[in-house]
Amino acid sequence: MFVLVNLKTYPCDPVAVAEAVRDVNETTDARLTVAPPAAHIERVAETGAETWAQHVDPIDHGSNTGHTLAEHVADAGAVGTLINHSEQRLKLADIDGAVQAAERAGLETVVCANNPAQIGAAAALGPDAVAVEPPELIGTGTPVSQADPDIVEDAVDAAASVDADVSVLCGAGISTGDDVVAAGDLGSEGVLLASGVAKADDPEAALEDLVAPL
Ligand code: G3P
């Protein structure tokens with residue numbers, strides 16, 4: 001299972017969480033990754049944890065003040081990027097451009113979407129993976145795999161009907177190993193989560209719990 005811990009802009013110590021991701025990753029067959037804010041990518045990557053960006057813009061080098069260039073996050077040590085997270089929505093043409101920018105920089109891509117119809121559209125853009133995250137469940141602690149299992153299964157079907165090779169992930173409210181197992185049982189190849197680790201008193205213990213049943 002692919003497990004991406006999105007630190008959003010939570011007030012956690014990104015290096016401490018990354019060190020926990022790195023250490024717990026050594027104990028499991030799951031692939032644990034961490035997505036810090038862009039400004040923290042370099043020092044998070046230096047821990048040895050697999051590091052992802054939360055976003056890249058559909059741009060090339062040039063006059064783009066305030067934007068995030070795919071090559072910059074790759075140079076800082078990111079190996080992949082989220083695109084179109086629910087908290088950083090893009091227009092379809094810009095999702096396409098961001099996927100192309102990420103691929104140009106050698107980054108792996110996960111395009112997020114709200115529902116199965118959007119998952120189909122996202123899969124058609126050729127990312128490595130798509131991730132379905134119902135916005136209303138994000139940050140609630142109620143796992144999508146329990147509250148809305150149909151949306152995960154329908155997302156898997158929608159993606160497969162467009163591109164048999166694209167991986168499907170899910171996220172929102174996931175915080176326990178049982179949630180991860182339930183996601184896998186619905187056909188998901190991985191999970192995105194944030195608050196369950198980034199807001200935990202002991203992020204390493206939260207990560208150990210996540211991968212314990214895998
Ligand atoms: O990117 C993952 C995120 O949106 C899910 O957040 O706090 O529900 O795990 P959370």
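We count ligands from 1, going down the list as the structure has it; atoms in each ligand are counted the same way. Nothing here was measured: the structure is a model prediction, and the numbers come from that model.
The CD1 atom of I138 lies 9.0 Å from the CG atom of N6; values are rounded to the nearest 0.5 Å.
At a threshold of 4.5 Å between non-hydrogen side-chain atoms, the residues K8 and E87 count as touching. For the pair W52 and V34, the minimum side-chain heavy-atom distance is 4.5 Å or more. Residues V5 and L193 have side chains in contact (heavy-atom distance under 4.5 Å, counting atoms from C-beta outward).
Considering T109, I95, T81 as possible partners of P127, the one that fulfils the side chain to side chain contact (heavy atoms under 4.5 Å, CB included) test is T109.
Taking E208 as the reference, nothing meets the salt bridge (charged side-chain N to carboxylate O under 4.0 Å, His left out) condition, with sequence neighbours excluded.
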Give a table of atom pairs where an N or O of ligand 1 lies under 3.5 Å from a protein N or O.
from	atom 1	to	atom 2	distance (Å)
ligand 1	1 (O)	N6	ND2	3.1
ligand 1	1 (O)	H85	NE2	2.9
ligand 1	1 (O)	E133	OE2	3.2
ligand 1	4 (O)	K8	NZ	3.0
ligand 1	4 (O)	H85	NE2	2.8
ligand 1	4 (O)	E133	OE1	3.0
ligand 1	4 (O)	E133	OE2	3.4
ligand 1	6 (O)	K8	NZ	3.3
ligand 1	7 (O)	S195	N	2.9
ligand 1	7 (O)	S195	OG	2.4
ligand 1	8 (O)	G139	N	2.7
ligand 1	8 (O)	G173	N	2.8
ligand 1	9 (O)	A194	N	2.8

